[in-house]
Amino acid sequence: MKLSLITLLFLISISSSTNQIFPKQDNDELIIGTWELQGFYHYDGNEITDTVPTTDGYRQIKMYTKDHVMWTRYVPKDSIEWFGYGSYVASENQLIETLEYGSESMMNVIDTLRIFTFELQISENEYSQITVDEEGNRIFSENYKRIE
C-alpha cells in the first residue's frame, strides 16, 4: 500500500512538471468552427514571394468539429465538384487531415494520398495551413478567416 501511494505521488509529480514544461495546446479546440479561404501565399524557402487572393465567385469553406473536418470548393468557371470529409489532429504547429471520402475528383486524389500534413499557424479568427517540402521549406499556403 505504501509503495503504491509513493508510486502514485511520483507519477502525479512527473505529470505536473511535464505539463509545466509542455503546456497543453488548445489549437485542436481553437480550430473548431467554420472557415472561408481568403487567399494563398507562395514561398521561396520560408519567404512569401506572392500573395494570391481568391477570384470572384470562388469559395472554399472548411468546417471543423471536435474530431472531423469537411470542406467544399465552388469555382464558377469549373464544372468539377470538390469536397472532402475525414478526421484531423491539430497540435501546436501542425495540422494533419486524414480524408475518408470525397467527390469523384477528390477520390482520385485520396486513392494516392489520404493523409495531408501541414504547418499550422492559427489565431482566434485566422489560420494558415502551409505545405512544406521534405526539408521543411514552406512552398504554399491556404489562408482562412473564421466565418462562424
Side-chain angles (χ1 to χ4, degrees), residues 9-148:
L9 291 173
F10 176 73
L11 291 174
I12 290 171
S13 70
I14 289 175
S15 176
S16 297
S17 64
T18 302
N19 286 340
Q20 291 172 1
I21 297 169
F22 303 106
K24 180 186 179 315
Q25 297 301 316
D26 291 326
N27 289 346
D28 57 340
E29 294 175 13
L30 190 57
I31 202 166
I32 293 173
T34 305
W35 304 82
E36 183 167 6
L37 182 68
Q38 300 298 300
F40 310 89
Y41 293 153
H42 294 276
Y43 292 86
D44 182 9
N46 288 323
E47 300 296 319
I48 297 170
T49 59
D50 196 14
T51 302
V52 181
T54 58
T55 58
D56 286 338
Y58 178 105
R59 288 197 80 188
Q60 182 166 311
I61 306 292
K62 290 186 97 166
M63 294 168 277
Y64 292 91
T65 67
K66 182 177 172 273
D67 300 310
H68 292 92
V69 59
M70 182 172 176
W71 62 270
T72 183
R73 177 185 306 156
Y74 175 71
V75 183
K77 298 178 181 177
D78 188 354
S79 63
I80 298 174
E81 293 184 20
W82 290 95
F83 70 85
Y85 172 82
S87 58
Y88 76 94
V89 176
S91 63
E92 180 180 5
N93 60 359
Q94 190 175 61
L95 173 63
I96 301 171
E97 296 179 353
T98 304
L99 295 184
E100 297 172 26
Y101 71 89
S103 59
E104 181 180 352
S105 48
M106 193 62 210
M107 288 305 291
N108 292 330
V109 174
I110 292 172
D111 284 343
T112 58
L113 181 63
R114 182 172 295 272
I115 300 173
F116 297 84
T117 302
F118 305 101
E119 177 184 334
L120 176 64
Q121 294 181 348
I122 190 167
S123 65
E124 186 174 337
N125 292 312
E126 297 178 327
Y127 92 87
S128 294
Q129 61 183 50
I130 305 166
T131 301
V132 297
D133 65 17
E134 305 81 33
E135 298 171 1
N137 297 308
R138 295 174 178 160
I139 301 170
F140 172 81
S141 73
E142 293 180 358
N143 307 307
Y144 290 87
K145 180 178 179 182
R146 184 183 299 275
I147 58 174
E148 184 179 299

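The distance from atom CE of M107 to atom CG of L99, rounded to the nearest 0.5 Å, is 9.5 Å. Rounded to the nearest 0.5 Å, atoms OG (S87) and CD1 (I115) are 8.5 Å apart. Taken to the nearest 0.5 Å, the CD1 atom of I80 stands 13.0 Å off from the CE atom of M106. The line from CG of N93 to CD of E119 is 6.5 Å long, rounded to the nearest 0.5 Å. Note that OH of Y88 is 4.5 Å distant from CD1 of I32, once rounded to the nearest 0.5 Å. Of the inter-residue distances, the one linking S91 atom OG with I31 atom CD1 reads 10.0 Å to the nearest 0.5 angstrom.
Pairs engaging residues 70-91 under the salt bridge (Lys or Arg N to Asp or Glu O under 4.0 Å) rule: none recorded [sequence neighbours left out]. Pairs of residues two or more places apart, or lying in two chains, that qualify as salt bridge (Lys or Arg N to Asp or Glu O under 4.0 Å) and include a residue from residues 93-102 are K62-E97. For the salt bridge (Lys or Arg N to Asp or Glu O under 4.0 Å) condition, the pairs that include at least one residue of residues 32-45, sequence neighbours left out, are E36-R59. Screening residues 91-125 for ring pair (Phe, Tyr, Trp, His ring centres under 6.0 Å), with sequence neighbours left out, gives Y85-Y101.
Two residues are said to be in side-chain contact when any heavy atoms from C-beta on lie closer than 4.5 Å; W71 and L37 fail this criterion. Counting only heavy atoms from C-beta outward, the side chains of T117 and Q94 approach each other to under 4.5 Å.
Across all their heavy atoms, A90 and L95 have their closest contact at CB-CD1, 4.2 Å. The shortest non-hydrogen separation linking F140 to Y43 is N-CD1, 3.7 Å. The minimum heavy-atom distance between V109 and W82, with the atom names listed, is CG2-CZ3, 4.3 Å. Nearest approach of N143 to S128, heavy atoms of both residues: OD1-OG, 2.6 Å.
Take Y127 and apply the ring-ring contact (aromatic ring centres under 6.0 Å, His included) test, not counting sequence neighbours, and it matches W35, Y144. Under the side-chain contact (heavy atoms from CB on, under 4.5 Å) criterion, T65 pairs with H68, not counting sequence neighbours. Listed by chain and residue number, D133, N137 satisfy the side-chain contact (heavy atoms from CB on, under 4.5 Å) test with E135 (two or more places apart in sequence, or in another chain). Qualifying side chain to side chain donor-acceptor pair (under 3.5 Å) partners for T98, counting only residues two or more places apart in sequence or in other chains: none. Residues satisfying the salt bridge (charged side-chain N to carboxylate O under 4.0 Å, His left out) test with E142, not counting sequence neighbours, are none. Applying the side chain to side chain donor-acceptor pair (under 3.5 Å) test to Y74 and every residue at least two apart in sequence or in another chain returns nothing.
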Validation: residues 46-56 side-chain donor-acceptor distances under 3.5 Å, sequence neighbours left out:
{"residue": "N46", "atom": "OD1", "partner": "R138", "partner atom": "N", "Å": "3.1"}
{"residue": "T49", "atom": "OG1", "partner": "H42", "partner atom": "O", "Å": "3.1"}

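The backbone N or O of I147 lies less than 3.5 Å from no partner atom in the side chain of T34, so there is not a single donor-acceptor pair.
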